[in-house]
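Comments concern the structure below.
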Protein chains: 2
Amino acid sequence: MRGISRLARELKLSSGTISRALNNKSGVNPETRRKVLAAAERLGYEPNQAARTLASGRTGSIGFMIDLDRDSVSNGDSFFMGVFDGVQTELALHDLDLLVLPCPSRQDKFAYLDKMISRQQVDGMILSEIESDDARIDYLKEAGVPFVTLGRTTSNQHYSWVDLDFEGVAQVAVDRLVSLGHRRIAITVPFGKVNFGRVFKTAFAERLAFHGLEFDSQLVFQTGIGEEDGYHLVDPMIDRPDPPTAVLLIFDATAIGIYRRLSERDLAPGTDFSVIGLRDEASVRYLRPGLTSFDVSLHDVGRELARALLPQVSGGAPAMVDLIQVKVPMELKARQSDCPVASRAIRDPLLLNGG
Amino acid sequence: MRGISRLARELKLSSGTISRALNNKSGVNPETRRKVLAAAERLGYEPNQAARTLASGRTGSIGFMIDLDRDSVSNGDSFFMGVFDGVQTELALHDLDLLVLPCPSRQDKFAYLDKMISRQQVDGMILSEIESDDARIDYLKEAGVPFVTLGRTTSNQHYSWVDLDFEGVAQVAVDRLVSLGHRRIAITVPFGKVNFGRVFKTAFAERLAFHGLEFDSQLVFQTGIGEEDGYHLVDPMIDRPDPPTAVLLIFDATAIGIYRRLSERDLAPGTDFSVIGLRDEASVRYLRPGLTSFDVSLHDVGRELARALLPQVSGGAPAMVDLIQVKVPMELKARQSDCPVASRAIRDPLLLNGG
DNA sequence: CTGAAAGCGCTTACAG
DNA sequence: CTGAAAGCGCTTACAG
């Protein structure tokens with residue numbers, strides 16, 4: 001005799017009453033509830049999750065799908081760790097657990113998701129590494145499964161998502177560079193199918209237009225996430241007939257390689273060439289000159305994800321719930337890697353000291 | 001009518017036969033099995049995991065617990081991603097799924113584990129970030145839950161674990177430095193409760209003894225994982241009355257700060273001071289001079305974890321299964337950050353060029 | 001080789 | 001407020 005029936009025998013109550021007491025249902029004598037909770041505590045009772053799920057149709061878990069494929073991995077562990085923690089903070093308030101579902105690199109993402117959903121392993125899903133046209137979104141909508149995405153597609157607007165505020169970043173960064181006299185600004189975007197590069201590029205182009213500047217697709221450079229990728233960006237940029245005077249990075253770690261190649265070319269970042277990063281990563285926090293970049297609370301990103309999902313999970317049918325689309329703001333961290341546009345002849349010594 | 005009973009009606013078979021066919025049990029007419037599988041495919045049948053678990057007592061899932069507490073997070077980079085992928089590769093062969101269980105930073109690790117186990121969410125557990133005396137291990141042994149750890153405790157020997165081959169690293173690194181003339185070698189170990197620093201230190205001390213060198217506890221330095229931690233290591237090391245001439249790192253990213261502080265002190269890594277890393281991280285791969293370090297296949301680490309766990313899960317009682325304790329070998333990647341011990345007066349120009 | 005039936009441990013209308 | 005009972009969708013001895 002185990003589980004609820006053990007408690008029932010012990011307390012001379014029916015298992016129904018035990019269940020109602022344990023689950024905080026209304027219509028239970030307070031004294032009875034107290035006794036049940038005390039006995040559960042004393043006997044170390046924990047409900048069997050499988051039985052609960054089978055009976056109620058709810059798993060009590062939210063899935064967070066990540067992609068282990070290195071080619072599409074654009075964020076290291078620490079990015080997701082911060083987000084997970086934020087998600088948990090919010091889910092815990094609703095007695096929901098987070099299960100991270102890592103899609104193996106060799107497996108098709110769609111098939112993996114399909115399996116998890118069909119088996120009914122979770123009550124809702126958080127998707128990451130969203131592609132420009134991501135079939136998973138239509139699938140989940142079709143299946144009526146509550147979900148929210150970390151990132152947005154280009155096409156589909158009718159779903160809830162949370163994303164970094166690329167528009168805000170583009171605005172602040174472009175405004176800043178333009179006010180420093182820059183007119184030709186390069187931008188880097190990721191390889192692969194993930195969509196945020198396109199989002200960033202679009203926002204960037206729009207802000208250029210705001211300033212009456214032309215968007216030059218020649219100044220868009222694809223890059224990987226590593227230092228060496230940054231290293232190889234420099235020559236194609238500065239050897240152009242009409243080179244840019246500044247660059248916006250999509251991956252901060254590329255700054256290390258950019259700095260190195262610039263110095264090999266006898267150019268100094270923050271003096272001869274301006275560099276602005278997108279997301280303050282620990283790995284470049286001690287670069288000199290300090291990289292002007294943007295800071296975001298990963299914990300907040302996680303919380304927003306959970307908040308966008310919860311109404312779908314606990315409320316009515318997903319279709320009845322308002323769409324929630326959130327851009328998590330990013331805060332400029334001005335350092336010394338950007339400067340007034342200047343020919344190499346005119347260096348302002350003040351800027352070298354991080355003015 | 002859904003699930004198996006739908007198939008049963010469709011095929012005019014009992015649900016028992018459907019179940020046996022689907023699960024590849026013996027004693028099913030091959031023709032019947034073929035029909036069942038075809039119908040399942042056609043109707044898009046996927047078994048309800050909760051019902052399966054409740055009936056069979058098996059979840060078909062393995063949990064991998066990670067700690068989101070930033071203080072004990074000791075692997076930046078994409079350490080876990082690589083490991084997860086390796087685990088999945090092996091689990092997939094046995095029709096097992098991997099669920100990553102992230103313990104929120106504010107929650108007690110033990111309580112979190114207890115909850116997951118009590119609810120019977122997984123058939124087996126992989127634990128990471130093992131502490132010197134980790135209560136979770138005794139708990140899982142007691143509970144009879146199959147498990148394996150990524151890392152080892154100091155105390156308890158009677159469980160299966162997989163770890164990096166710190167002994168091998170210490171041996172190769174010490175041998176190398178000693179042959180280059182070094183006699184005073186520093187070592188860095190992590191802050192916090194995780195145990196691998198102690199493992200590394202012990203192996204290091206033993207290899208020194210092998211060479212008849214004394215282990216000087218003054219040359220053991222605690223460090224965090226970041227560049228700035230490395231930066232702050234340098235002064236306390238080189239300002240000693242009897243300073244070391246080389247250091248073994250526990251976190252490669254600290255090398256960036258070490259390089260920077262050395263150069264501020266007018267010392268060159270790989271010339272005036274030798275540095276050897278532990279695990280080749282992407283973030284320092286383009287440091288100059290190149291960091292001599294060790295390479296490990298994270299995929300192999302994951303596979304070994306799964307292999308150590310599987311006999312417990314599918315075989316008999318955990319107690320009946322042989323212990324598996326694996327050190328995953330690490331391969332030296334010799335670069336230019338270590339060199340013959342030399343006073344600053346005697347620099348060999350060849351070494352500067354990475355000889 | 002197949003079917004009928006019990007049972008896994010819960011939840012939840014339905015009576016009382 | 002509590003109990004008796006059905007049922008969630010499977011698996012698995014047990015008969016035949």
Side-chain angles (χ1 to χ4, degrees), chain A residues 1-37 39-40 43-61 95 97 115-123 314, chain B residues 1-37 39-40 43-61 95 97 115-123 314:
Chain A
M1 190 84 57
R2 57 185 324 193
I4 262 191
S5 54
R6 173 149 172 245
L7 283 182
R9 197 187 44 183
E10 201 92 13
L11 295 166
K12 300 193 201 317
L13 286 167
S14 72
S15 57
T17 300
I18 308 276
S19 171
R20 284 185 287 261
L22 252 22
N23 290 301
N24 252 313
K25 302 273 179 184
S26 59
V28 177
N29 183 310
E31 175 62 10
T32 305
R33 187 193 304 281
R34 202 192 51 68
K35 276 190 202 154
V36 170
L37 294 178
L43 298 170
Y45 169 79
E46 283 284 341
N48 178 309
Q49 193 53 52
R52 223 174 204 184
T53 298
L54 185 58
S56 72
R58 276 173 282 108
T59 65
S61 298
D95 271 322
D97 280 322
K115 192 175 73 173
M116 291 301 165
I117 295 299
S118 301
R119 290 186 179 175
Q120 305 172 52
Q121 298 249 52
V122 294
D123 294 338
S314 44
Chain B
M1 189 84 58
R2 56 186 323 193
I4 263 190
S5 53
R6 172 146 174 249
L7 283 183
R9 199 187 42 184
E10 199 92 12
L11 294 166
K12 301 193 201 313
L13 286 168
S14 72
S15 57
T17 300
I18 307 276
S19 172
R20 284 186 286 262
L22 251 22
N23 291 299
N24 251 312
K25 303 272 180 185
S26 59
V28 177
N29 184 310
E31 176 62 11
T32 305
R33 185 191 308 281
R34 202 192 51 68
K35 276 190 201 152
V36 171
L37 294 178
L43 299 169
Y45 169 79
E46 283 284 341
N48 178 308
Q49 194 53 53
R52 220 174 207 185
T53 299
L54 185 58
S56 72
R58 275 172 283 108
T59 66
S61 298
D95 272 320
D97 281 324
K115 191 176 75 173
M116 290 300 166
I117 295 300
S118 300
R119 292 185 179 176
Q120 305 172 52
Q121 298 250 52
V122 295
D123 294 337
S314 45

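Sequence lines set the chain letters: A, B, ... in the order given, protein chains first and strands last, and positions in each chain run from 1.
Annotation: side chain to side chain donor-acceptor pair (under 3.5 Å) contacts of B:S56 (sequence neighbours excluded): none. For A:K115, the salt bridge (charged side-chain N to carboxylate O under 4.0 Å, His left out) criterion is met by B:D97, not counting sequence neighbours. Remark: A:S14 pairs with A:T17 by the side chain to side chain contact (heavy atoms under 4.5 Å, CB included) rule, at least two apart or across chains. Every residue two or more places apart in sequence or in another chain was checked for a side chain to side chain donor-acceptor pair (under 3.5 Å) with B:N48, and none qualifies. The side chain to side chain contact (heavy atoms under 4.5 Å, CB included) search around B:A55 returns none, not counting sequence neighbours. Applying the side chain to side chain donor-acceptor pair (under 3.5 Å) criterion to B:R58, with sequence neighbours excluded, gives no partner residue. Applying the side chain to side chain donor-acceptor pair (under 3.5 Å) rule to A:R33 yields no partners; only residues at least two apart in sequence or on another chain are considered. A:A40 meets the side chain to side chain contact (heavy atoms under 4.5 Å, CB included) test with A:L7, A:L22, A:Y45; sequence neighbours excluded.
Of all the residues in residues 46-61 of chain B, B:L54, B:A55 reach under 4.0 Å from DNA chain C with at least one non-hydrogen atom. Of the residues in residues 20-33 of chain B, B:R20, B:N23, B:K25 come within less than 4.0 Å of DNA chain D through at least one heavy atom, sorted by number.
In this structure, B:T32 OG1 and B:L37 CG are separated by 10.5 Å, a value rounded to the nearest 0.5 Å. Taking NZ of B:K35 as the start and CD of B:E10 as the end, the distance is 13.0 Å to the nearest 0.5 Å.
The shortest heavy-atom contact between A:T53 and A:T59 is OG1-CA, 3.4 Å. Between A:D123 and A:G60, the shortest heavy-atom contact is OD2-N, 2.8 Å.
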Output field dot_bracket for DNA chain D (Watson-Crick or G-U, both distances under 3.5 Å, | for other-strand pairs) contains |||.||||||||.|||
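Chain A approaches DNA chain C over the interval C:dG9 to C:dA13, counting the first and last nucleotide 5' to 3' with an atom under 4.0 Å from its heavy atoms.
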